[in-house]
Amino acid sequence: MEKFYITTPLYYVNDEPHIGHAYTTILADVISRFNRSIGKDVFFLTGTDEHGQKVQEASEKRGVPPKEHADEFVKRFKNAWKNLDINYDHFIRTTDENHKDKVKKILTSLYEKGDIYFDEYEGLYSVSEERFITEKEKEEGQFREVKTIKEKNYFFRMSKYQKKLIDHINNNEKFIRPRSRKNEILGFLKKPLNDLCISRPKSRLSWGIDLPFDNDYVTYVWFDALINYISGIGWGEKSSENFDNYWPADYHLMAKDILTTHCVYWPTMLMACDIDLPKSIFAHGWWLIDNMKMSKSIGNVVRPLDLANEYGSDSLRYYLMRNMVLGQDSTFTTNSFIERYNADLANDYGNVVNRVVILIKKYYDSKIPEPGEYNDIDKNLINQFNDLSNVINLHLESLKIHELIEIIFSKIRLINKYLEEKEPWKTYKTNPNQRDVTATTLYVSIECIRICTKLLNPIMPNKTKLVLNAIGSKESSLKFEEINFGQEIGCIPTLFPRIEFK
């Protein structure tokens, strides 16, 4: 069975889960579900990043131990993912003993190899990002609380692997996606790469993983966190079957603001450890409010659970997947959410399901009718559903989820058009001899609805499951004529009641 491994970044436990976190995680979940639906053996990893200066400061301010502080925020993330129907395989925490042991194992190996050394460094340090930055990065103004620090630390010889990394990026078209991000990283690598400071003195920061070769230092939070992608699937264990099965990752998903750490730090760390690089690192855009990135300090954060509680998790999942073009920024407004919900979910999908189910209930006692001979109009619609699997797989491979959804909804709109053209409510009433035409129309319609619902299931798992269960076709494929006539349709409530603008 073909393997598929996908990850989200680890979310920092000083944040409340916001719509940016939700988007990345729902995206990973949707991609996972699609790949499971075509028979792949999928492993989906997410989790939390729990060490570092900000966690230590926040816990001190609250007067609680850092681990207790982290535990509280972890519950919030797990609760959010449960309520948003995120079906992950493993939730990793950087405070897990298993993860900490593997970080120490890598540190020891690189230290013994000579790829970690001790030195004094003076440079610009971003307190908000908890990392040293270059003058160019400071000038670009994306880092807050920048100050000059001079201290002794341990460094990873990242510069040693610069040429090898550039060659890998150039020779592997899909390694960094989209292309704009690839060009951004290649631009960054045109200048000599500095070595990476991978420690923090305990005199400044005590909340972290101890360096195995110097108890006066803890591990830099990013060096620690990135290792989760291999520690979470069993790297370094006696039985490495899980790691051997799933690595290298098919996709590391993340927002574009952590591109450098994933496309420079992480690959060079793997090269130093003689571990294969992930197949693809995909950095999506930001969700903006009034053309501004969401920020806790600005106070424009959208809480996904508030939306899910009011309108349903399926509605939120659908909106986020449909309204962002991967790689570009997207603007969130409540109005755009309601407009998308009413147009697509209430008017198109919900309406066609309701119409067909009511007609089958009214004319055929809720039993799916046996079709007669297909005429040209029937055949034309059926042909529109041929080879959908190939089309879907093509868009899935390129991660064009918004286009994939549009294809599905173009088919839903075709069903509505087909009903208007064939008018089964008329053929049933006006001519008893044409009732086989009515039966054929409704059979073709419910079959096409089944296929569209099956395709929408990874995006909206709850409402689509209701429909598939009601028509008795949960395990069916995307092939036409899989519903048995005579099958009784169960009760389907109004799927997406219209939302009235307040």
Side-chain angles (χ1 to χ4, degrees), residues 37 314 344-389 391-392 407-457 460-498:
S37 74
D314 278 1
D344 294 2
L345 302 182
N347 291 0
D348 288 342
Y349 179 65
N351 180 48
V352 78
V353 171
N354 189 53
R355 290 177 81 185
V356 173
V357 168
I358 284 175
L359 290 172
I360 292 175
K361 182 179 180 179
K362 184 176 181 180
Y363 299 149
Y364 298 97
D365 196 25
S366 293
K367 293 181 175 64
I368 294 172
E370 181 178 0
E373 189 175 338
Y374 298 137
N375 64 20
D376 289 343
I377 299 173
D378 303 321
K379 289 175 183 176
N380 182 53
L381 180 63
I382 293 167
N383 288 338
Q384 297 291 330
F385 284 76
N386 290 338
D387 297 322
L388 261 186
S389 292
V391 174
I392 296 303
I407 289 170
I408 299 169
F409 270 80
S410 71
K411 306 303 179 189
I412 290 169
R413 289 188 283 272
L414 283 176
I415 305 169
N416 271 316
K417 185 179 177 184
Y418 167 78
L419 287 169
E420 293 301 321
E421 190 171 1
K422 292 207 67 181
E423 299 181 310
W425 49 88
K426 282 189 179 179
T427 55
Y428 187 87
K429 288 180 180 179
T430 57
N431 189 346
N433 295 326
Q434 284 193 312
R435 287 186 181 174
D436 63 328
V437 174
T438 306
T440 302
T441 300
L442 294 178
Y443 181 83
V444 170
S445 298
I446 200 71
E447 261 292 76
C448 292
I449 285 170
R450 175 189 65 81
I451 293 169
C452 290
T453 302
K454 191 81 178 172
L455 288 170
L456 287 171
N457 181 255
M460 301 187 295
N462 286 316
K463 298 293 179 73
T464 54
K465 184 179 178 182
L466 280 176
V467 176
L468 292 171
N469 284 344
I471 62 178
S473 62
K474 185 181 176 185
E475 301 304 324
S476 62
S477 73
L478 298 181
K479 294 177 182 177
F480 199 79
E481 286 191 337
E482 288 212 2
I483 293 184
N484 296 320
F485 52 84
Q487 167 76 43
E488 185 169 356
I489 296 179
C491 179
I492 301 176
T494 302
L495 296 172
F496 298 99
R498 280 186 63 82

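Position 1 is the first residue of the sequence; numbering continues from there. In what follows, every heavy atom counts, from backbone to side chain, and hydrogens, waters and symmetry copies are set aside. All values reported here derive from a predicted model rather than from experimental measurement.
When all heavy atoms of Ile446 and Val356 are compared, the pair lying nearest together is CD1-CG1, 3.9 Å. The minimum heavy-atom distance linking Asp348 with Asp344 is given by the pair CB-O, 3.2 Å. Minimum interatomic distance between Ile483 and Arg450 (heavy atoms only, all atoms of both residues): CG1-CD, 3.5 Å. When all heavy atoms of Thr440 and Gly372 are compared, the closest pair comes out as OG1-N, 2.6 Å. In this structure, Pro369 and Tyr443 approach most closely via the heavy-atom pair O-CD1, 3.4 Å. The two atoms that bring Pro424 and Leu419 nearest to each other are CD-O, 3.6 Å, heavy atoms only.
A side chain to side chain donor-acceptor pair (under 3.5 Å) check over residues 364-379, counting only residues at least two apart or in different chains, returns the pairs Tyr374-Glu481, Asp378-Tyr418, Asp378-Lys422.
Contact of the Leu414 side chain with the Leu381 side chain is registered, since non-hydrogen atoms from C-beta on lie closer than 4.5 Å. Side-chain contact between Phe480 and Cys448: present, with at least one pair of heavy atoms (C-beta onward) separated by less than 4.5 Å. The side-chain heavy atoms of Glu482 and Ser477, taken from C-beta on, include a pair separated by under 4.5 Å. Residues Thr427 and Glu423 are not in side-chain contact: their nearest non-hydrogen atoms beyond the backbone lie 4.5 Å or more apart. Residues Ile451 and Lys411 fail the side-chain proximity criterion, which asks for heavy atoms closer than 4.5 Å. Contact of the Asn416 side chain with the Tyr349 side chain is not registered, since no non-hydrogen atoms from C-beta on lie closer than 4.5 Å. Leu388 places a side-chain heavy atom less than 4.5 Å from the side chain of Ile407. A heavy-atom distance below 4.5 Å is not found between the side chains of Asn484 and Ile368.
Atoms CE and CG, on Met460 and Leu455 in that order, are 11.0 Å from each other to the nearest 0.5 Å. Between the OG1 atom of Thr494 and the CG atom of Asn351 there is a distance of 10.5 Å, given to the nearest 0.5 Å. Note that CD of Glu447 and CD1 of Ile415 are 10.5 Å apart. Values are rounded to the nearest 0.5 Å. In this structure, the separation between CG on Asn469 and CD1 on Ile492 is 9.5 Å, given to the nearest 0.5 Å. Distance check: Thr441 OG1 to Glu421 CD gives 10.0 Å after rounding to the nearest 0.5 Å. Interatomic distance, Cys491 SG to Lys361 NZ, rounded to the nearest 0.5 Å: 6.5 Å.
Here the side chain of Asp314 pairs a donor or acceptor atom with the backbone of Lys463 at under 3.5 angstrom.
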Checklist entry - Do Thr453 and Thr464 pass the side chain to side chain donor-acceptor pair (under 3.5 Å) test, and can you show the C-alpha distance, the side-chain angles, and the key distance before you say yes or no? => result CA-CA 6 Å; Thr453 302; Thr464 54; over 6 Å; no
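With sequence neighbours excluded, the residues forming a salt bridge (Lys or Arg N to Asp or Glu O under 4.0 Å) with Glu420 are Arg355, listed by chain and number.
Between Tyr363 and Tyr428, the ring-plane angle classifies as parallel under the 30° and 60° cut-offs.
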